[in-house]
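Below is one structure, written out as structure tokens, with a few remarks after it.
Residue numbers start from 1 in every chain, and the chains themselves are labelled A, B, ... in the order their sequence lines are given, proteins ahead of strands. Just the heavy atoms: all of them, side chains too, but no hydrogens, waters or symmetry mates, feed the values below. What you are looking at is a predicted structure, and each value in this text was computed from that prediction instead of being measured.
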Amino acid sequence: MSIFKRAFLYVTRKRGKTILLFTILLIMATFVLTGLSIWKASETVQFDLRQSLGGKFDVFVDWNNSPYVVKETVKEEYDEDTKKTSNGFIMYSTVQFTPENIAAIKDVSGVKYCSARQDNLLPFEGLSLFPGTISTDAKYQGYTKALGVCNTEDDELFITGTLTLTEGRHVSADDTHVAIISQDLAERNELKIGDYLTAHCYSIEDQGFTGQKIKVQIIGLFTPNAVEQFGETVTTYDKIQNRVFVDLQSSKEFDGGEINYGFSALHVTIADPQDMARVLAEVKALPGIDWKAFTVEVDNETYENAAAPLAALNELVVTLLVVIIGVSAIILALILTLWTKTRIHEIGVFLSVGIRKPAIIGQYLIEVLLIAVLAFGLSYFTSNAIAGQIGNQLLEQSMQTESEDDNNLVTAAAAVDVDADNLIQKPLPTEDGIQVSVGLDNLAQFYLIGLAIITVAVSASSITVMRLNPREILSKMS
Amino acid sequence: MPTLEVKNVSYAYERGKAVLQNVCAELATGKLYAILGLSGSGKTTLLSLLGGLDVPTQGSVLFDGEDISAKGLEHHRRNHISLIFQSYNLIDYMTPIENVRLTAKLDAAPILERLGLTKDETHRNVLELSGGQQQRVAIARALASDAPVILADEPTGNLDTDTADEITAILKESAHAFGKCVIVVTHDREVAKQADVVLEIKRGHLKEKEM
Ligand SMILES: Nc1ncnc2c1ncn2[C@@H]1O[C@H](COP(=O)(O)OP(=O)(O)O)[C@@H](O)[C@H]1O
Ligand SMILES: [Mg+2]
């Protein structure tokens, strides 16, 4: 008689034991599988959260230590109010980021966006601006901010969703003498795509924008998704509707000098904040960037704040899972040991008819596996039912309690970029509900785990059989 | 040539306390042997040495002229020996015929029938069989396994006199009709009366006894 036939006979004839073992295995499997699926779901949520938060770091000129920083006295200035003469000076770095550097950084895997701006505060001819809530220095009346970028699509304000391009197209690296303004500003000034804005470049002699005339063509219009709240203080030139985006070439021309040929600061957004160290290392290894000139500042706090409660939950689930697996193995081993002790006569008969010990233990293993295959299969449904309930609650709770505790998570996670510029609230991906369900991949994994538990338990319970000396058969049987 | 030969076998569980001393015996096929002795005299010990369940402290056991430890005791147990105990001989989750088929090399059904079990009984739950029927199944399994030696340790110990006589008769038939070497350990003199050869263990020594 084959080992399988023996195992099959045992399982089918000893129904009470089979049902008991089936129930035990079903409960264990449900626990483990539920834990496994919650763990998986929490990993997924963490991953999604990381993706939605992204990570950020800034690279900028190291004004204190860079050997390339130049400080030039410009002109003596006489201040009417203080009756003092002061030396005006400008400070700049002779090493700056070029559009090529930006392109290289963008190519590093894991980097989503690399944005850089030159900004100039300047007046555009005949452009009527929205007034700010606080008055500006008389000198800057009628001035607004012109941001010179390689491409607007990668700009902070657009990637965070604060601004959306509603008409026309983005400024790209190849463009010269183009601009994007707000829809509101366009309406106020009766401007449309294709129209021109005019400004003059900076003249060092005159100390003002009185130089050569520069015309930029409007190629796109944006709409802000949020404006500053009521009562918030903002100057005219900082008002989001007054913002003008131009290409780098135009920006350099506005600037007038030869000094600012590139960017002195970069803002890099990466897909997964967990990748921060690697991405940084790769960026630092890029050729063509002189790191003596720059310094890096990492902002991973948002991620760390938001990910902490989930990481804690994850740890808890993993710990629970390990405990459940361990306890399951122990309980199973104890039960099987007890049962093996009651099967001592059977072992005696088997040994006496020449069935070897490994074949006896093998039969026990097959018996448990036969029952386990069915119990595990059913546990797919029971754990799915439970995981859907408990899992969602657990995950949602862990996110809620955390946000109630320090009110940090939601704000931290939502206001992806906490900036004067950035007022948009991005919802967490998890708010749409966390999907906790048991997948077939979980089941497959669990079969492996279950097999290990059962093998350990059966081996442990079989010590009695292994120890049995053939001579003892006779004394045990009499 | 005798099937089993015991050559100057001594055995002690503890040093200096010999259970068997210099035991010699020749056991041939086709004969029913009875080993008599008081409780604790060493009958089961001798049986375990014959069955290759243990090794003698001194001396040797030969099967067909070869030391049973030469090819390994397991080989001896699997191929030459069938054991029958006083009770619990059957696997309770197998029917009688399945119990016989556990190690059967021969067709189980005719052997069971010959030992007096009806077809219905061979498919019953073994726990519903009487003690005598259970021993018949155990003997049938020994016969079906085709091992040349049957070692039985007090096979009638749990049975009433009439049933014991029937089982003894079957064991005798196994030796005479099936050509087995049947060795029965017993303290029952009635069983011994049926045997072809009666051996007795007294103070560690084995002696042939005239009945
Ligand atoms: N495993 C053992 N360890 C020590 N002594 C044993 C063991 N088994 C049996 N004995 C002793 O050996 C002697 C013979 O035992 P046994 O062969 O079982 O006798 P019988 O079967 O004739 O009643 C007895 O005195 C018994 O106490
Ligand atoms: Mg005994």
Could you walk me through whether B:R141 and A:V349 satisfy the side chain to side chain contact (heavy atoms under 4.5 Å, CB included) test, starting with their C-alpha distance in whole Å, then the side-chain angles of each, then the deciding distance to 0.1 Å, before giving a yes or no?
CA-CA 11 Å; B:R141 184 172 63 207; A:V349 174; 3.6 Å; yes
Could you walk me through whether A:R13 and B:E98 satisfy the side chain to side chain contact (heavy atoms under 4.5 Å, CB included) test, starting with their C-alpha distance in whole Å, then the side-chain angles of each, then the deciding distance to 0.1 Å, before giving a yes or no?
CA-CA 13 Å; A:R13 304 257 168 92; B:E98 284 162 351; 2.7 Å; yes
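Neither the backbone nor the side chain of B:S82 comes within less than 4.5 Å of any heavy atom in chain A.
Expressed to the nearest 0.5 Å, how far OH of B:Y93 lies from CZ of A:R15 amounts to 15.5 Å. We find the CG-OG distance between B:D153 and A:S352 to be 11.5 Å, quoted to the nearest 0.5 Å.
The local environment of OH in B:Y13 is crowded, with over 12 non-hydrogen atoms from other residues, nucleotides or ligands closer than 6.0 Å. The number of heavy-atom neighbours closer than 6.0 Å to CZ of B:F178, taken from other residues, nucleotides and ligands shown, is above 12. Atom NZ of B:K31 has 12 or fewer heavy atoms from other residues, nucleotides or ligands within 6.0 Å. Heavy atoms from other residues, nucleotides or ligands lying under 6.0 Å from NE2 of B:H75 number more than 12. Enclosure of atom OH in A:Y380 by more than 12 non-hydrogen atoms of other residues, nucleotides or ligands within 6.0 angstrom is indicated. Counting non-hydrogen atoms of other residues, nucleotides and ligands closer than 6.0 Å to NZ of A:K17 gives a total above 12. Atom CG of A:L20 is surrounded by more than 12 heavy atoms from other residues, nucleotides or ligands within 6.0 Å. Annotation: B:E166, atom CD; neighbour count of heavy atoms from other residues, nucleotides and ligands within 6.0 Å is above 12.
Applying the side-chain contact (heavy atoms from CB on, under 4.5 Å) criterion to A:I355, with sequence neighbours excluded, gives A:R6, A:F350, A:V353, A:A359, A:I360, B:L102.
Closest non-hydrogen pair, A:N469 versus B:L53, comes out as OD1-O, 4.3 Å.
Taking B:L47, B:T45, B:D92 one by one and counting their heavy-atom pairs under 4.5 Å with chain A, the maximum is reached by B:D92.
Near-neighbour residues of residues 103-136 of chain B relative to chain A, defined by a heavy atom under 4.5 Å from a heavy atom of that chain, comprise B:T103. Against chain A, no residue from residues 156-164 of chain B qualifies, as none has a non-hydrogen atom under 4.5 angstrom away.
Here salt bridge (charged side-chain N to carboxylate O under 4.0 Å, His left out) pairs that include residues 356-365 of chain A, with residues two or more places apart or in two chains, are A:R356-B:E74.
Proximity of a side-chain donor or acceptor of B:R77 to a complementary backbone N or O of A:G354 within less than 3.5 Å is not detected.
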